[in-house]
Number of protein chains: 2
Amino acid sequence: MVTLAEVAQHAGVSASTVSYVLSGKRSISTTTRHRVEQSIRELGYHPNAGARALASSKSNIIALMIPLRTDMYVPVMMEIAIAVATAARTHGYDVLLLTGEEGPDAVRRVTGSGLADAMILMDVELDDERLPFLRGTDQPSVLIGLPADTSGLTCVDLDFRATGALCVEHLAMLGHRDIAVIGEAPAVYERHTGFAERTLDGLRTRAQELGVRLLHRPCEGGYDAMAVTLARILDERPSTTGFVVQNESAVEPLLALLRQQGRAIPEDVSVVAICPDQVAVQASVRLTSVAIPAQEMGRHAVERLVAKLDGRGSDEVVLISPELMVRASTGPAPAAS
Amino acid sequence: MVTLAEVAQHAGVSASTVSYVLSGKRSISTTTRHRVEQSIRELGYHPNAGARALASSKSNIIALMIPLRTDMYVPVMMEIAIAVATAARTHGYDVLLLTGEEGPDAVRRVTGSGLADAMILMDVELDDERLPFLRGTDQPSVLIGLPADTSGLTCVDLDFRATGALCVEHLAMLGHRDIAVIGEAPAVYERHTGFAERTLDGLRTRAQELGVRLLHRPCEGGYDAMAVTLARILDERPSTTGFVVQNESAVEPLLALLRQQGRAIPEDVSVVAICPDQVAVQASVRLTSVAIPAQEMGRHAVERLVAKLDGRGSDEVVLISPELMVRASTGPAPAAS
DNA sequence: AGTCCCTGTCGAAGCGCTTCGACAACCTAT
DNA sequence: ATAGGTTGTCGAAGCGCTTCGACAGGGACT
């Protein structure tokens, strides 16, 4: 393993000079710089991460805490994770992957050991148990998701309340008066995941404002669960003509079931999905949808974090505005029969 | 930040003693140990990762290189990543997330800087450009996937050849004589991803042995692509009654299309999928499938790697035996009309 | 009583890097 | 010609930990 000292010797300069060439924190003559760079290349030198971290108390690592459960939005999570890793690299950071398993302990461990300089938390619950510790430390952090109390925190998220409102608006505008919401699995609501509740709030509020009737039903993904849920909904409100689907894995089953019952999309019923664009265009009907901008969220989170690490930027909540893309799954409500 | 020295002082022992309590590398009297542990708890001490890495030349970090592209098996990748992270933690390792973006350079960077003690590579191509370097270094590594030449490497993968064979066998046993294979997207074959080619090989070989006719067509995921592909297949071989689907995102579209054409599953046509169990049971028909054991692969990879790091274990190829689970999507071939 | 061997503890030497103060060497402005 | 600034380089201290050799004290032997 090549060390700084060896490079210095090879280039005929002192170790500190090499260090300054690397960091650029002091001016170095062009000749010397070139000579050092040459030696680095020839010897194939890579600075030792541990020594660096020890001497500078900076690890150049960002910890990313992803949820352990895979009961929702797996592709979204993955996409965010990749976006975070990619964005972090462009700023010279590597990403440490933590699963939610250890919970608050992981946060303490990583902070305490100086393993990472900062962290990004995903799947934040409204009253997340990791938050008190995060507020109490000066380790920079960014949440992807929105807890109930955001004071002293930086958060990045899609504006799910606006997303809900947007979906209702779109359907209402098309004349739908009875809208059913296929929500996330009950477990998601039970642990008070912010985005699910906010979406619902947005849906309800706007529905009320527009005088539209709304029926919300949580639903596990999959065909069978969707079949049961749909039957109940149509039983309770046969006049339903608009659907908003939040649970990605319920989308395709819903479409199949509706078709099977002889309800044409979008002639008889309209469906709006909240899902990644890729899902929306790959479905059996090109879905009118509000996209979940995973990439953008990941990138934003890293940028906020790097800003904090550089002493720029402060606590703030970044809500990304939802955009509704009209495709082939929504249309005017059928004339009342 | 609490240091070893502070703990030592608080406990009234020397720093080395605290270190030995932590590592257990020398015997320590029960009294002293308890006193030290008490101090550690009281002061909330966490060993500094950088210092540790520097002094011991071990980072206790495993690098995990995941593919950047998201054109296939996203949930599988995610599940593996989570399994790796979880398994690594139980062995005292953390996981560094690398995207394939940097390619071989990332391997060199991480190895050279001592950032990680070992690495796990996913999405290995048959003739992967990262392999030469991996062979040339003494950094332990495990591949998830199987390259063409496995000499000097440790690999973990599902036995995709056997998987292919198993699918054909099952259909042949049920009397199907004409089988169509819905493969991965063309791009996957173009970059010579091992698993896709091996599966195909397994399918073809067994088909020949059993005297069954096989038609293989790559297919992008999604509804429209599947529709085109299916039309071509049925045009070319109208007598097709068995399908093997490898591309996860083609499964549901295929089912929908078949139904739409009035072909009943499993009365008229049988479908075998190669996909995670979760997908198989959530589909609109409970699918007969060979599961991709993501968790198991991740766990295995970590265990092999830890064995190497402990000086146990050597290069070897672990092929997980496929298991075909019969569900509701396959049945006897219809009598020839 | 003396020898030998454990067991438990300590001190000190690094690990490879960053960073601070020092200081030649040179340039510019008096 | 001299004082005052720059600029480029160096030496040394130290980051917090691991680990090696040393050694005191106490049993178990001869």
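Chain letters run A, B, ... following the sequence lines, proteins first and then strands; every chain starts at 1.
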Does a side-chain N or O of Ser57(A) approach OP1 or OP2 of dC15(D) to a distance below 4.0 Å, or not? no
Ser19(A) near the nucleic acid: base, sugar-phosphate alone, or nothing, with a heavy-atom cut-off under 4.0 Å? base
Residue met sooner reading DNA chain C from 5', once Ala51(B) and Thr30(B) are mapped to nucleotides: Thr30(B)
Report yes if at least one side-chain N or O of Ser27(B) is closer than 4.0 Å to OP1 or OP2 of dG8(C); otherwise report no. yes
With rounding to the nearest 0.5 Å, note down the distance linking CG in Leu4(B) to CG in Asn48(B). 10.0 Å
Rounded to the nearest angstrom, tell me the gap between atom CG in Leu43(A) and atom C1' in dG16(C). 15 Å
Show the nearest heavy-atom pair for residues Pro140(A) and Leu309(A), with the distance to one decimal. CG-CD2, 3.8 Å
Using heavy atoms to find the nearest nucleotide of DNA chain D for Ser23(B) and Gly50(B) separately, return the residue whose nucleotide is more 5′. Gly50(B)
OP1, OP2 of dC10(C) versus side-chain N and O of Ser16(B): anything below 4.0 Å? no
Side-chain N or O of Tyr20(A) closer than 4.0 Å to phosphate OP1/OP2 of dC17(C): no
With a non-hydrogen cut-off below 4.0 angstrom, is Ile28(A) in contact with a base, only sugar-phosphate, or nothing? sugar-phosphate
Taking CG from Asn48(B) and P from dC17(C), how many angstroms apart are they, rounded to a whole number? 16 Å
Look at the side-chain N and O atoms of Arg52(A) and state whether any lies under 4.0 Å from the OP1 or OP2 oxygen of dG16(C). no
Does Ser14(B) place a side-chain N or O at less than 4.0 Å from the phosphate oxygens OP1/OP2 of dC10(C)? yes
Remember a base hit wins even if backbone is also touched, and classify Thr32(B) as base, sugar-phosphate or nothing at under 4.0 Å, heavy atoms. sugar-phosphate
Quick check on DNA chain C: between Val13(B) and Pro47(A), whose nearest nucleotide comes earlier from the 5' end? Val13(B)
Arg26(A) CZ to dT6(D) P: how many Å, rounded? 15 Å
Closest contact, heavy atoms only, Val124(A) versus Pro147(A): CG1-CB, 4.0 Å
dT19(D) phosphate, OP1 or OP2: any side-chain N/O from Lys25(B) under 4.0 angstrom? yes
Rounded distance [0.5 Å steps], CG in Asp94(A) versus CD1 in Ile61(B): 9.0 Å
Which part of the nucleic acid, if any, lies within contact of Leu4(A), taking any heavy atom under 4.0 Å across all strands shown: a base, the sugar-phosphate backbone alone, or nothing? base
Kindly compute the distance separating OG (Ser141(B)) from CG (Asp315(B)), expressed to the nearest 0.5 Å. 8.0 Å
